[in-house]
Amino acid sequence: MKKIINNPGNVVEEAIEGYMYAYKDSLTKVNNVNGIIRKDLKDKVAIIIGGGSGHEPLFLGFVGEGLADGVAIGNVFAAPTPNTIQDVAKSVDQGKGVLFIYGNYAGDVLNFDMATELLEFEEIQTQTVLVADDVASAPEERKGDRRGIAGDVVVFKIAGAASEKGWSLQEVVRVTQKAADQTFSIGVATAPGSIPGEEEPPFVLGDDEIEIGMGIHGEPGMKRTKLMEADDLTDELLDILLKESKIQTGDEVTVYVNGLGSTTLLELLIVNRRVAQILNKKGIKIYDMDVNSYCTTQEMGGFSITFLKLDDELKDLYDAPADSPYYKKTQKIGEEVK
Amino acid sequence: MKKIINNPGNVVEEAIEGYMYAYKDSLTKVNNVNGIIRKDLKDKVAIIIGGGSGHEPLFLGFVGEGLADGVAIGNVFAAPTPNTIQDVAKSVDQGKGVLFIYGNYAGDVLNFDMATELLEFEEIQTQTVLVADDVASAPEERKGDRRGIAGDVVVFKIAGAASEKGWSLQEVVRVTQKAADQTFSIGVATAPGSIPGEEEPPFVLGDDEIEIGMGIHGEPGMKRTKLMEADDLTDELLDILLKESKIQTGDEVTVYVNGLGSTTLLELLIVNRRVAQILNKKGIKIYDMDVNSYCTTQEMGGFSITFLKLDDELKDLYDAPADSPYYKKTQKIGEEVK
Amino acid sequence: MSIETVNSVNTRQLKDMFLYVGDQVVACKPLLTKIDSAIGDGDHGIGMSVGFTKADENLKANEFTSINDVFKTIGMSMISSMGGASGIIFGTMFVGGIKGLETKVSLDLPLLAGIFNKALEAIKQRGKADLGDKTMIDALQPAVEALEKSAAANESLVEGLRKAEIAALQGVENTKQYIANFGRAKSLGERAIGHQDAGATTVLIIFKSMKEWLEGQENG
Amino acid sequence: MSIETVNSVNTRQLKDMFLYVGDQVVACKPLLTKIDSAIGDGDHGIGMSVGFTKADENLKANEFTSINDVFKTIGMSMISSMGGASGIIFGTMFVGGIKGLETKVSLDLPLLAGIFNKALEAIKQRGKADLGDKTMIDALQPAVEALEKSAAANESLVEGLRKAEIAALQGVENTKQYIANFGRAKSLGERAIGHQDAGATTVLIIFKSMKEWLEGQENG
Ligand SMILES: Nc1ncnc2c1ncn2[C@@H]1O[C@H](COP(=O)(O)OP(=O)(O)O)[C@@H](O)[C@H]1O
Ligand SMILES: Nc1ncnc2c1ncn2[C@@H]1O[C@H](COP(=O)(O)OP(=O)(O)O)[C@@H](O)[C@H]1O
Ligand SMILES: [Mg+2]
Ligand SMILES: [Mg+2]
Ligand SMILES: [Mg+2]
Ligand SMILES: [Mg+2]
């Protein structure tokens with residue numbers, strides 16, 4: 001794999017440097033650790049997100065108004081260290097408590113939990129909401145075992161909006177947990193990504209093979225099958241997603257079609273077309289659709305579909321403005337500021 | 001190449017359908033042709049952009065407030081047809097004239113020129129500004145032969161802002177042409193893209209080969225060379241770009257680091273770091289940096305660097321708000337609305 | 001039809017002839033793709049297929065009362081469906097020669113030579129390319145000249161097309177030596193040498209197929 | 001040192017021993033990468049390299065007055081540099097056993113057994129995994145039991161480590177039969193069977209390298 005990098009051991013540090021050059025007006029690097037925070041911190045509950053690198057723009061791209069206040073960044077595909085998380089938390093805490101939101105992976109849980117213990121000594125109050133949206137990773141009975149994938153982004157969005165409203169830690173946790181509980185995703189992989197500096201891909205798929213439900217680190221999915229037409233593939237994914245999420249006629253959802261890296265926007269839009277057609281046919285209301293590559297795995301091929309089931313409270317928060325380098329939601333001119 | 005498509009002959013139509021499902025609140029499809037326009041058309045000079053498909057989010061992603069009013073979309077890597085351009089122009093014209101902005105390719109020129117002739121019969125006034133930013137595609141003496149690549153986006157931005165201010169067609173053309181004249185790019189390819197439905201890649205690069213200056217349709221560049229470290233490669237590209245653009249100490253630029261498809265944001269940020277370091281060292285002022293994949297060639301590997309040399313007028317227009325599906329510029333809270 | 005030499009075609013035959021031509025170009029899609037990939041962006045075969053498929057559709061859906069209409073339908077089908085350089089260029093190859101032409105119901109060699117000659121001029125005016133620029137003109141111009149020479153010698157339509165094919169083939173061969181001054185191969189410089197031009201190849205296929213169809217009529 | 005059996009190491013020797021262990025783990029990076037790729041995300045070799053390289057740096061940069069400090073430095077180096085599951089788990093393997101331990105300046109077999117036993121408990125508490133869950137515990141627990149047994153039999157430090165290595169190797173073999181209940185291989189179900197666990201392999205390399213270093217001292 002040809003990668004545009006220098007020393008493979010420095011990719012994360014150098015990418016953060018490059019990011020800071022671009023966004024130094026709105027963001028600040030936390031000293032000595034791979035953490036970034038907003039410049040214009042507000043007197044509110046602080047939202048901290050984090051996880052391994054290699055999934056850009058996740059996680060570092062979502063720090064800003066109406067989103068996260070800080071991000072703790074790990075090495076490629078590795079959770080951030082406890083001291084990174086700790087330093088980021090100390091840098092953003094306004095005495096109103098800190099909410100950690102991250103994807104449900106063993107490594108992340110271990111590191112964030114250790115950070116929580118360390119922060120207790122400093123009397124910083126923390127709470128955690130795990131994103132576990134990948135319905136392919138465990139059956140409903142073991143929902144707590146599900147991995148977090150592209151659904152991260154929509155949960156960050158809700159949490160950021162709630163905290164921006166000045167809600168208490170308890171209230172922000174409540175609504176963020178609600179959003180996480182109502183976020184469901186399913187993915188498919190067509191080609192492996194790579195770890196910068198490693199020659200071998202982390203997994204191999206046959207020339208005409210795809211894997212439904214594969215995780216964003218190449219974790220095995222539900223089944224390997226032949227490449228099929230976009231509509232058939234989308235139908236198959238939607239079948240699983242609708243069954244697992246129990247979303248049905250009359251429900252209202254926001255949809256993310258997320259590219260994993262090298263699957264192009266042209267393809268993602270074709271998938272989105274089918275998603276819209278099926279939801280329309282089933283009488284499931286589409287509140288919004290976002291077609292983007294938010295959660296990638298380097299140049300991995302494939303995509304995921306995410307549904308957030310909305311109620312009035314979540315809609316209100318979803319609509320709130322947001323402004324980070326890789327996710328912006330603008331207030332339409334003439335639209336009432338809520 | 002595994003592509004998530006249905007019938008290869010329908011990719012463009014289906015992608016447009018998928019796009020319209022996602023953005024129907026702000027955009028309208030033009031009947032019978034592959035054209036899209038803004039819903040909230042204003043009484044101003046109309047900006048129309050266009051070109052071949054396969055480069056998403058270019059071109060269709062940049063229709064909205066402060067950007068284009070309409071887009072004419074061609075087949076994959078093929079300019080839009082004259083009647084598509086004509087119908088889009090008729091749909092957006094407010095009697096104040098239409099400005100066509102597109103990349104300088106023979107096919108695009110032929111089709112837009114024919115559309116211009118057709119529109120003359122309907123007494124719609126049109127003007128054209130070509131984007132010809134790729135310094136690798138022709139020497140300065142033949143500047144008019146240069147191709148348009150990622151620099152398209154920043155030129156659209158300036159034109160959109162100028163028209164939004166209510167300037168006359170002549171004034172919008174003047175400043176857009178100035179922006180185009182001050183926009184310079186250089187690219188490098190590490191891997192080919194593909195035409196959806198075609199098995200063979202349009203060109204082949206050796207396992208450790210890259211091509212400096214290669215165009216976004218695989219047009220040959222300045223030289224093939226071995227893969228090198230990100231910093232060395234960036235240095236080499238910047239040498240060419242600074243020499244060709246004559247940008248020097250004291251000048252002020254906005255920088256785009258643009259991924260061609262499968263080169264990841266992690267890598268692009270590493271490149272951006274080096275660009276910033278070199279510009280800082282040379283005393284060239286960085287007004288803004290944008291690291292994104294705006295102009296792609298399916299899953300092509302590689303990136304381009306674009307400089308727009310700014311003066312006060314261009315800065316003012318660059319800063320204006322913009323709101324399209326794939327390019328947003330927000331007005332910071334507390335910032336004065338210009 | 002008899003085994004006599006075909007000296008002219010009527011409107012209905014012209015339509016059939018171009019339906020056959022279209023099928024042949026569509027069948028050559030992989031070849032054209034390959035040629036355009038070598039020095040262009042690889043889409044010429046796709047583009048020509050789109051254009052001739054659209055022409056096919058519009059030819060089949062309508063009855064025509066003049067050869068002008070047949071040419072116009074083919075050309076406008078291309079211009080309105082293909083896009084790209086070749087949409088305009090090949091569209092003009094069909095519409096460029098009938099502009100201002102009085103209504104005709106049969107086509108003989110002198111008329112064909114005249115139509116394509118005028119089309120050639122229109123292409124040059126639109127595209128600003130000329131002989132030696134490594135474009136379809138390198139095949140079309142010699143083919144047109146061969147048609148004219150053959151017409152002047154009072155030869156039959158099929159004979160004229162035979163000579164046009166030979167001239168177009170030579171033109172395609174010539175493009176191998178040229179660097180490209182137009183289209184996507186333009187920036188290739190010396191590197192384009194040795195490769196034939198995609199559009200010129202399409203011109204060859206068009207003349208070759210017209211001839212084949214006529215020969216089929218003679219032998220049928 | 002003599003060719004006598006090594007029964008204990010002092011602080012300085014312990015540091016040297018773990019510098020050697022670190023080098024061995026780093027040298028095994030490709031192997032660990034490969035194993036983690038088969039059923040995990042392929043980064044275990046990279047992670048352990050990062051951790052031991054950081055430990056190496058911190059060990060070399062400092063003088064140590066107690067074995068506690070050596071263990072703590074290694075563990076904290078890992079926790080603060082690696083991230084991922086293994087940063088905490090392997091960090092705890094080094095810091096988990098010295099918590100509350102009085103300051104020691106030499107390490108013999110019973111002490112080593114005690115330290116790793118306590119570390120094992122800490123790992124289980126943190127990670128909630130147990131024997132049979134296809135984690136590094138499947139190698140560490142038998143190794144610790146072997147150390148304890150060997151200590152109870154009054155065997156030498158090097159003898160204890162020889163037995164720990166054998167037990168760890170058996171543990172690694174055992175992981176092949178298990179499905180994973182923790183870490184990234186968790187969702188693999190039956191498909192994980194046949195593949196050994198990456199973290200368990202690292203545990204084996206650690207014990208093997210400790211033994212090798214001691215044997216080198218005996219023979220040197
Ligand atoms: N200016 C021109 N005049 C005549 N023919 C041209 C011109 N530009 C391009 N062509 C022809 O068009 C062909 C390329 O067509 P195609 O691949 O379909 O379009 P594009 O270059 O837009 O991808 C070339 O091989 C050449 O023969
Ligand atoms: N809960 C746990 N308890 C003990 N060991 C664990 C646990 N989770 C993971 N491991 C160990 O960590 C190893 C994976 O480490 P590594 O690949 O570095 O981290 P990650 O799984 O975050 O990519 C596994 O092979 C396993 O031995
Ligand atoms: Mg990992
Ligand atoms: Mg083309
Ligand atoms: Mg082409
Ligand atoms: Mg791993």
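Below, all heavy atoms of this structure are taken into account, side chains as well, without hydrogens, waters or symmetry copies. Proteins get letters first, then strands, A, B, ... in listed order; numbering begins at 1 in each. Since this is a predicted model, take the numbers as computed values, not measurements.
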Greatest number of heavy atom pairs closer than 4.5 Å to chain A - which of B:Thr264, B:Val257, B:Ile4: B:Ile4

Side chain to side chain donor-acceptor pair (under 3.5 Å) partners of residues 192-207 of chain B, not counting sequence neighbours, each pair once: B:Ser194-B:Glu299

Pairing of B:Glu267 and A:Lys3 as salt bridge, 4.0 angstrom limit: yes

Interface residue of largest heavy-atom contact number with chain A, from B:Asn272, B:Val291, B:Leu266, under 4.5 Å: B:Leu266

Electrostatic pair B:Glu164:B:Arg38 at N-O distance under 4.0 angstrom: yes

Under 4.5 Å from a heavy atom of chain A, the part of B:Val271 involved: side chain

A:Lys39 side chain vs A:Lys24 backbone, donor-acceptor pair below 3.5 Å: yes

Top contributor to chain A interface from B:Glu14, B:Arg273, B:Glu56 [non-hydrogen pairs under 4.5 Å]: B:Arg273

Most contacts with chain A, counted as non-hydrogen pairs under 4.5 angstrom, among B:Asn6, B:Ile270, B:Leu265, B:Ile16: B:Asn6

Contacting region of A:Pro196 [heavy-atom separation from chain B under 4.5 Å]: side chain

Donor-acceptor contact below 3.5 Å, side chain B:Lys165 vs main chain B:Ala161: no

Under 4.5 Å from any heavy atom of chain B - which part of A:Thr263: side chain

Heavy-atom proximity to chain A below 4.5 Å, by part of B:Leu233: side chain

Choice from B:Asp288, B:Ile210, B:Thr190, B:Ile5 maximising heavy atom contacts with chain A below 4.5 Å: B:Ile5

Heavy-atom closest pair, residues A:Pro321 and A:Lys157: O-NZ, 4.4 Å

Chain A contacts, top residue of B:Met1, B:Lys329, B:Glu17, B:Lys2 (heavy-atom pairs, under 4.5 Å): B:Lys2

Heavy-atom side-chain proximity of B:Val63 to B:Tyr326 below 4.5 angstrom: no

Output field: ring centroids A:Tyr294/A:Tyr327 closer than 6.0 Å: yes

Per-residue contact mode, B:Asp208 against chain A (heavy atom under 4.5 angstrom): backbone

Minimum side-chain heavy-atom gap B:Leu279-B:Lys282 below 4.5 Å: no

Toward chain B, the part of A:Leu227 with a non-hydrogen atom under 4.5 Å: side chain

Among the listed options A:Met300, A:Met289, A:Gln277, the residue most often paired with chain B at heavy-atom distances under 4.5 Å: A:Met289

